[in-house]
Trainee: 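The structure under discussion is supplied below as structure tokens; questions concerning it will follow.
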Amino acid sequence: MKKSSSRVPSIRVKRVYDPASPDDGFRVLVDRLWPRGIRKEQLVLDLWMKDVAPSDALRKWFGHDPAKWEEFGRRYREELQQRPQQLDLLLSHALSSGLTLLFAAHDRDHNQAVVLREVLLERARSGENQTGR
């Protein structure tokens, strides 16, 4: 498919416990469960997208075990292929105002937001199903 935009989307990944920043852009929680120890009114958040989080079965199987990271990424990418509208929404925010994917896991390198960011960047490079913004 032809690329609809040559702009590179701005996509950050942050823990929900990190302070919000003016350059975060559109802030989206990408966890299926609400983060422990944070009241809803405490979190600077534009949207909570439970539907782009890993399924309960995948989340429980992974258990944030780095030894399962590669397989988790493969399985999670398969799940994300079933969510093109949500991916397009996230990508449009990344291209217009910037996007920050928020997660609660302790491990900053092995979590769903890292995989989701990669998927969104790949989608932007390929021009796949973009809305043309």
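Count residues from 1 along the sequence.
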Trainee: Below 4.5 Å, heavy atoms only, C-beta onward: do R108 and F103 meet side chain to side chain?
Mentor: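 Contact flag for R108/F103 side chains = yes.
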Trainee: Apply side-chain contact (heavy atoms from CB on, under 4.5 Å) to the pair R123 and L90, showing each step before the final yes or no.
Mentor: CA-CA 11 Å; R123 197 171 181 85; L90 290 172; over 6 Å; no
Trainee: Do the side chains of W34 and L43 get nearer than 4.5 Å, heavy atoms only?
Mentor: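 The answer is yes, as the side chains (C-beta and beyond) meet within the 4.5 Å cut-off.
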Trainee: Show the numbers, then the answer: is there a side-chain contact (heavy atoms from CB on, under 4.5 Å) between H93 and L47?
Mentor: CA-CA 11 Å; H93 282 291; L47 185 62; 5.8 Å; no
Trainee: Would you say W69 and V115 make side-chain contact, with heavy atoms under 4.5 Å?
Mentor: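 Yes, close enough: below the 4.5 Å cut-off.
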Trainee: Check whether any side-chain heavy atom of R77 sits under 4.5 Å from a side-chain heavy atom of R74, and report yes or no.
Mentor: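 Side chain of R77 against side chain of R74, heavy atoms only: no contact under 4.5 Å found.
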Trainee: If I take atom OG from residue S21 and atom CZ from residue R12, how far apart are they, to the nearest 0.5 angstrom?
Mentor: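 Those atoms lie 5.5 Å apart.
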Trainee: Is any side-chain heavy atom of E78 less than 4.5 Å from a side-chain heavy atom of L58?
Mentor: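 In short, these two side chains do not touch, never coming nearer than 4.5 Å.
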Trainee: Just so I know, are the side chains of D46 and V28 near enough to count as touching, which here means a heavy-atom distance under 4.5 Å?
Mentor: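 Sidechains of V28 and D46: no contact.
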Trainee: Please step through side-chain contact (heavy atoms from CB on, under 4.5 Å) for the pair Q85 and L89, ending with a clear verdict.
Mentor: CA-CA 6 Å; Q85 295 86 2; L89 174 66; over 6 Å; no
Trainee: At what distance, to the nearest 0.5 angstrom, does CH2 of W61 lie from OG of S55?
Mentor: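 Reported value, rounded in 0.5 Å steps: 11.0 Å.
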Trainee: Give, for atom CZ of R117 and atom CG of L101, the distance between the pair rounded to the nearest 0.5 Å.
Mentor: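 Output value for this atom pair is 8.5 Å.
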Trainee: Evaluate the salt bridge (Lys or Arg N to Asp or Glu O under 4.0 Å) criterion for residues R75 and E79: first the C-alpha distance (whole Å), next the side-chain angles of each, then the deciding distance (0.1 Å), finally the verdict.
Mentor: CA-CA 6 Å; R75 292 182 188 186; E79 289 184 357; over 6 Å; no
Trainee: Using side chain to side chain contact (heavy atoms under 4.5 Å, CB included) as the criterion, list what pairs up with D109, not counting sequence neighbours.
Mentor: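 By the side chain to side chain contact (heavy atoms under 4.5 Å, CB included) rule, D109 matches D107.
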Trainee: Between L102 and W48, does the side-chain contact (heavy atoms from CB on, under 4.5 Å) criterion hold? Intermediate values first, please.
Mentor: CA-CA 9 Å; L102 301 170; W48 181 12; over 6 Å; no
Trainee: My understanding is that a hydrophobic cluster links ILVMFWY residues whose side chain heavy atoms are under 4.5 Å apart, including indirect links. Using that, what else belongs to the cluster containing V44?
Mentor: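 V44 shares its hydrophobic cluster with no other residue.
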Trainee: Using a 4.5 Å cut-off on heavy atoms from C-beta on, say whether the side chain of S96 contacts that of F26.
Mentor: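 Result no, sub-4.5 Å side-chain heavy-atom pair not found.
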